[in-house]
**Q** 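Encoded as structure tokens, here's the structure I'll be asking about.
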Amino acid sequence: MLRCITEDQETLYASKSNKEYIQQLVDEGKALCPNCLQKVIHKPGRTNRAHFAHYDADCVVTNYEPETNSHIKGKELLYKWLKKKFPSAYVEYEVYISETKQIADVLIKHEEGKYAGLSWAFEFQHSPLNARDWEERHNLYKLAGIQDFWILDKAKYLKFSTAKGHTDARKRNELEKTIYQEVGLCYFLDLEKEEFIIDFNFVTKSEHNVFNRKQVTTYYTYHEPQSHASKVDKIRVRMNDEFKYCVLLYDEIEEGMTDRLRGILGKLQREKEIQLEEELQLRLPAKKDYCETVYKEDEAAMVRSFIEENERKLADDIRNLSNEVFFAKYQKPIEKAITNRQSFKVLENSEDIRHKYITREFFSWHVYKMSFLESQSSLSIEEYLLEKYKDKISLIEYAYNTYKDIFENLASRNTELLNRDLRKIKPFLQTYEKNPNAMDYALEYGSCKSTEEIDNYVNQVVEQIINYDPFADWEW
């Protein structure tokens with residue numbers, strides 16, 4: 001580790017602090033691990049870079065990467081770069097994060113400026129790490145609200161093909177492929193050149209060869225552009241304002257990263273939609289159950305229907321408002337919806353042809369929809385629907401009042417045979433009622449566009465059905 005603390009919580013850095021002072025604290029047992037508070041020793045760096053280590057036991061925090069010289073150098077390089085780039089932020093080595101139970105190589109907390117409130121963890125990965133362990137640690141950071149940046153040691157992880165003619169092709173291991181797929185980018189750090197390499201665009205090319213008279217296809221993966229490295233001090237952070245999500249890039253590749261950044265944004269949007277949907281489905285049952293404590297049993301069923309019909313429109317309030325506040329906010333539309341449904345049931349039992357038409361044309365569950373309640377305004381459900389369908393009602397009233405005797409004649413006939421004949425004149429003239437009456441046949445003329453069209457179809461009904469004589473053309 002690159003830092004320790006004293007009993008007085010003073011932070012000491014292995015490569016910066018006075019060696020004699022550090023050794024004195026070590027000898028007195030006052031140099032402590034900042035995470036487990038066990039005593040540590042100081043290794044001044046005759047072979048490796050200066051660092052601290054536990055006496056004879058590992059830290060209780062288990063995800064320390066072995067302190068090789070490369071790992072220490074990588075952490076130092078990241079720390080110095082971040083400290084210089086964000087002078088007003090909290091930047092510290094090897095911070096234990098209780099929420100994730102792991103140690104971040106470098107942790108940054110922003111308290112002011114455009115990044116205020118954001119926390120970032122930078123991990124320099126030198127030793128082997130399998131993809132499953134990375135995913136677990138990545139998800140822990142995400143749950144803790146910390147964005148993690150995994151920087152892979154170029155010397156260990158950036159590999160190229162040895163195939164003749166394809167030495168620019170990449171050999172990608174599971175860790176970097178998993179990071180690239182999940183995050184959208186993959187970062188490498190060249191410790192010798194102090195450069196970042198940023199993977200953001202891969203292409204696959206194929207080569208066809210014949211071996212033992214069989215064609216063999218080999219695929220090679222390239223990064224385009226091949227050159228995508230920059231000095232550490234030229235790397236900057238770009239943030240999406242909506243998600244407060246950040247990526248590392250540099251000027252020369254930013255334009256070429258447009259498609260990749262758009263893909264990352266799309267993934268963030270999908271993740272947000274999934275998260276919001278999960279929260280909605282988690283809180284929805286509580287809202288439905290609560291209505292039973294406020295409304296009578298039959299009314300509670302209507303309130304549940306109101307919530308179900310408006311689930312998407314009310315989603316934010318379902319997620320964020322308490323039960324009491326939610327039902328207080330929607331008390332008026334809920335009561336209006338209940339009144340609508342009760343009134344609609346009365347209309348369904350009415351023998352008035354106008355009521356029969358509007359209850360047939362209007363879907364009853366629409367009385368719960370916020371969009372309908374808003375358009376309904378102060379009108380009763382009957383007033384609103386009579387106005388909505390007034391033109392059609394005028395037509396069916398004309399048809400019924402003018403041709404009632406004809407429709408009564410039709411009602412006396414065999415429904416199945418009659419529907420067959422009506423379909424020949426116009427399909428919409430048939431009725432789907434099992435035992436239709438004259439009014440049911442009149443209702444079908446609501447599909448006409450004018451009284452003239454009604455007259456025309458009724459005349460055909462009279463001629464082709466009522467007055468039809470099957471023996472008229474027979475010769476005796």
Side-chain angles (χ1 to χ4, degrees), residues 143 145 269-393 396-397 431-437 439-440 443 446:
L143 289 172
Q269 290 170 333
R270 290 190 295 275
E271 289 178 349
K272 181 180 180 180
E273 290 169 1
I274 292 171
Q275 179 184 353
L276 291 175
E277 181 63 22
E278 290 175 347
E279 291 177 6
L280 176 63
Q281 297 308 320
L282 181 66
R283 289 167 174 75
L284 195 57
K287 294 290 187 294
K288 292 181 179 180
D289 292 343
Y290 184 80
C291 71
E292 296 180 358
T293 67
V294 182
Y295 298 91
K296 298 177 182 179
E297 183 178 351
D298 57 335
E299 292 181 344
M302 298 181 197
V303 177
R304 286 195 293 272
S305 295
F306 170 83
I307 295 173
E308 290 168 358
E309 286 299 321
N310 298 290
E311 180 179 312
R312 298 301 160 191
K313 191 175 182 67
L314 309 182
D316 286 343
D317 287 340
I318 292 173
R319 282 190 291 262
N320 301 319
L321 297 183
S322 67
N323 292 334
E324 294 81 1
V325 174
F326 176 85
F327 281 97
K329 180 174 180 178
Y330 293 102
Q331 179 182 359
K332 288 184 178 180
I334 285 174
E335 291 178 351
K336 191 173 183 179
I338 292 173
T339 301
N340 277 349
R341 188 67 190 98
Q342 292 169 338
S343 299
F344 196 80
K345 287 181 179 179
V346 174
L347 296 177
E348 287 178 315
N349 295 321
S350 171
E351 291 302 317
D352 187 316
I353 193 169
R354 300 173 306 160
H355 296 161
K356 282 185 173 295
Y357 183 79
I358 61 179
T359 55
R360 189 181 76 161
E361 294 299 312
F362 182 75
F363 296 115
S364 61
W365 60 84
H366 284 180
V367 300
Y368 301 115
K369 288 184 176 292
M370 285 292 292
S371 56
F372 173 76
L373 296 171
E374 291 165 358
S375 63
Q376 182 187 356
S377 187
S378 60
L379 297 175
S380 69
I381 187 72
E382 180 184 10
E383 292 169 335
Y384 179 85
L385 294 178
L386 287 176
E387 176 63 24
K388 177 180 175 67
Y389 295 111
K390 64 180 181 180
D391 293 337
K392 294 297 183 181
I393 289 173
I396 58 110
E397 285 186 315
T431 181
Y432 292 95
E433 298 294 332
K434 290 184 178 180
N435 298 297
N437 56 31
M439 198 174 289
D440 292 322
L443 289 173

**Q** Arg283: what forms a salt bridge (charged side-chain N to carboxylate O under 4.0 Å, His left out) with it, not counting sequence neighbours?
**A** none
**Q** Output every pair passing side chain to side chain donor-acceptor pair (under 3.5 Å) with a member in residues 361-370, not counting sequence neighbours, ordered by first then second residue.
**A** Glu309-Lys369
**Q** Answer yes or no: is there a side-chain heavy-atom contact under 4.5 Å between Tyr389 and Ile396?
**A** no
**Q** Under the salt bridge (charged side-chain N to carboxylate O under 4.0 Å, His left out) test, which residues partner Glu433, sequence neighbours left out?
**A** none
**Q** In chain order, what residues pass the side-chain hydrogen bond (donor to acceptor under 3.5 Å, both in side chains) check against Glu374, with sequence neighbours excluded?
**A** none
**Q** List, one per line, each side-chain donor-acceptor pair under 3.5 Å for residues 322-331, sequence neighbours excluded.
**A**
unit_1, atom_1, unit_2, atom_2, d
Ser322, OG, Val325, N, 3.3
Asn323, OD1, Lys287, NZ, 3.4
Lys329, NZ, Asp317, OD2, 2.7
Tyr330, OH, Asp317, OD2, 2.4
Gln331, NE2, Glu335, OE2, 3.1

**Q** For the pair Asp289 (side chain) and Ala286 (backbone), establish whether a donor and an acceptor sit closer than 3.5 Å, ignoring hydrogens and angles.
**A** no
**Q** Check residues 346-354 and write down every donor-acceptor pair under 3.5 Å in which the side-chain atom is one partner and the other belongs to a residue at least two apart or another chain.
**A**
unit_1, atom_1, unit_2, atom_2, d
Asn349, ND2, Lys345, O, 3.2
Ser350, OG, Asp352, N, 3.0
Ser350, OG, His355, ND1, 2.8
Asp352, OD1, Arg354, N, 2.8
Asp352, OD1, Arg354, NE, 3.2
Asp352, OD2, Arg354, NE, 3.3
Asp352, OD2, Arg354, NH2, 2.9

**Q** Among residues at least two apart in sequence or on other chains, which ones pass side chain to side chain contact (heavy atoms under 4.5 Å, CB included) with Ser343?
**A** Thr339, Ile381
**Q** Who passes side-chain hydrogen bond (donor to acceptor under 3.5 Å, both in side chains) against Glu397, sequence neighbours left out?
**A** none
**Q** What residues form a side-chain hydrogen bond (donor to acceptor under 3.5 Å, both in side chains) with Asp316, not counting sequence neighbours?
**A** Arg319
**Q** Partners of Glu271 by side-chain hydrogen bond (donor to acceptor under 3.5 Å, both in side chains), sequence neighbours excluded?
**A** Lys267
**Q** Among all residues two or more places apart in sequence or in another chain, which pass the salt bridge (charged side-chain N to carboxylate O under 4.0 Å, His left out) test with Glu382?
**A** none
**Q** Residues in salt bridge (charged side-chain N to carboxylate O under 4.0 Å, His left out) with Lys288, at least two apart?
**A** Glu308
**Q** Apply ring-ring contact (aromatic ring centres under 6.0 Å, His included) to Phe372 and Phe362, showing your working.
**A** CA-CA 11 Å; Phe372 173 76; Phe362 182 75; 5.1 Å; yes
